[in-house]
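The chains referred to below are lettered A, B, ... by the order of the sequence lines, with proteins before strands, and numbering in each begins at 1.
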Amino acid sequence: MKDITQYVPFSESFFLQPTLVLAEALLGCLLIKETEEGIASGYIVETEAYMGPEDRAAHSFGNKRTKRTEIMFSEPGFVYTYVMHTHCLVNVVSGPKEKPEAVLIRGVEPVDGLELMKKRRNIEDLKNLTNGPGKLTKALGITIADYGRHFSSLPLFLAKGITPDKVSRGVRIGINNSGEARNYPWRFWVTDNPYVSRTRK
DNA sequence: AAGCCGATGATCT
DNA sequence: GATCATCGGCTTT
């Protein structure tokens with residue numbers, strides 16, 4: 001097991017880039033969570049941008065401000081977790097303060113804590129361990145308790161990983177009931193990476 | 001590939 | 001109290 005001190009969290013300035021640029025820049029970055037059970041981490045291989053007021057698919061569409069979306073209105077780099085059916089999903093808040101944008105993390109390639117992740121997911125099959133937004137949060141131990149943390153500090157943070165060979169871009173997954181927004185090409189993934197969740201339903 | 005449906009909390013009325 | 005959602009696992013073609 002690696003020592004968590006070998007990883008240097010990104011500083012707050014990393015998150016100061018336009019949301020669509022950040023969404024692509026996050027590909028290859030290492031997402032790390034430390035708990036009492038140990039460290040688990042993975043390279044991000046799939047993201048989606050949610051562009052706030054003008055994006056019907058975003059929780060913050062029309063500047064909707066609720067207890068849940070409140071964190072989206074703060075400075076970039078904060079952790080936005082929320083519950084979807086029986087799963088917890090994790091977003092990186094982006095855009096300047098008062099601009100409620102975010103990047104959903106949809107897939108990671110396992111790096112540290114393989115056994116821990118298998119145990120949490122209760123499966124052995126590597127291919128299905130972290131290839132989906134609900135799967136990776138369970139594998140990494142990310143929960144709604146992480147809401148409001150910042151990705152620049154422990155126990156949940158982002159750090160330099162690898163540079164993807166090739167990146168693909170296309171429409172987002174699972175937002176079919178959002179009119180025009182369903183066709184916006186705001187999904188990014190590492191081309192041909194096996195931990196990308198799926199092609200569109 | 002496609003369809004069913006579980007089971008949860010925030011939000012709406 | 002009802003509705004709905006950035007899903008996943010399982011079953012059926």
Q: Among the nucleotides B:dT11, C:dC7, C:dG9, which one has an atom lying closest to any side-chain atom of A:R121?
A: C:dG9
Q: Just compare B:dT11, B:dG6, C:dT6 and give me whichever is closest to any side-chain atom of A:T66.
A: B:dT11
Q: In whole Å, I'd like the distance from the CE atom of A:M84 to the P atom of B:dG9.
A: 15 Å
Q: Without decimals, in angstroms, what is the distance between A:I173 CD1 and C:dG8 P?
A: 10 Å
Q: With the side chain of A:K135 defined as its heavy atoms from C-beta on, choose the nearest nucleotide among C:dT6, B:dG6, C:dG8.
A: C:dG8
Q: Given atom CG of A:N128 and atom C1' of C:dC10, what is their separation to the nearest angstrom?
A: 13 Å
Q: Which of these nucleotides, C:dT6, B:dG6, B:dT11, is closest to any side-chain atom of A:R68?
A: B:dT11
Q: Tell me: NE2 of A:H59 to C1' of C:dA5, nearest whole Å?
A: 7 Å
Q: Do A:V79 and A:V90 come close enough that some side-chain heavy atom pair is under 4.5 Å?
A: yes
Q: Output the rounded distance in Å from CG (A:N91) to C1' (C:dC7).
A: 14 Å
Q: Using a 4.0 Å heavy-atom cut-off, does A:K64 contact any base of the nucleic acid, only the sugar-phosphate backbone, or nothing at all?
A: sugar-phosphate
Q: Just to confirm, is there a sub-4.0 Å distance from OP1 or OP2 of C:dT6 to any side-chain nitrogen or oxygen of A:Y82?
A: yes
Q: In whole angstrom, give the distance that lies between atom CE of A:M72 and atom C1' of B:dA10.
A: 15 Å
Q: Grab the NE2-C1' distance between A:H87 and B:dC5 for me, whole Å please.
A: 12 Å
Q: Can you check whether A:H59 reaches A:Y50 side chain to side chain, under 4.5 Å on heavy atoms?
A: no
Q: Can you tell which of A:F14, A:F10, A:F15 makes a ring-ring contact (aromatic ring centres under 6.0 Å, His included) with A:H150?
A: A:F15
Q: Examine B:dA10: is either OP1 or OP2 under 4.0 Å from a nitrogen or oxygen in the side chain of A:R65? Give yes or no.
A: no
Q: Tell me whether A:R68 forms a cation-pi arrangement with A:Y82, defined as NZ or CZ under 6.0 Å from the six-membered ring centre and within 45 degrees of its axis.
A: yes
Q: Would you indicate what A:A58 reaches in the nucleic acid, counting non-hydrogen atoms under 4.0 angstrom: base, sugar-phosphate, or nothing?
A: base
Q: Counting Watson-Crick and G-U wobble pairs only, both distances under 3.5 Å, name the nucleotide matched with B:dG3, or none.
A: C:dC10
Q: Are any of A:R187's side-chain N or O atoms less than 4.0 Å away from OP1 or OP2 of C:dT6?
A: no
Q: Can you tell me how far apart OG1 (A:T47) and CH2 (A:W189) are? Round to the nearest 0.5 Å.
A: 10.5 Å
Q: How many Å lie between CZ on A:F61 and P on C:dA5, as a whole number?
A: 13 Å
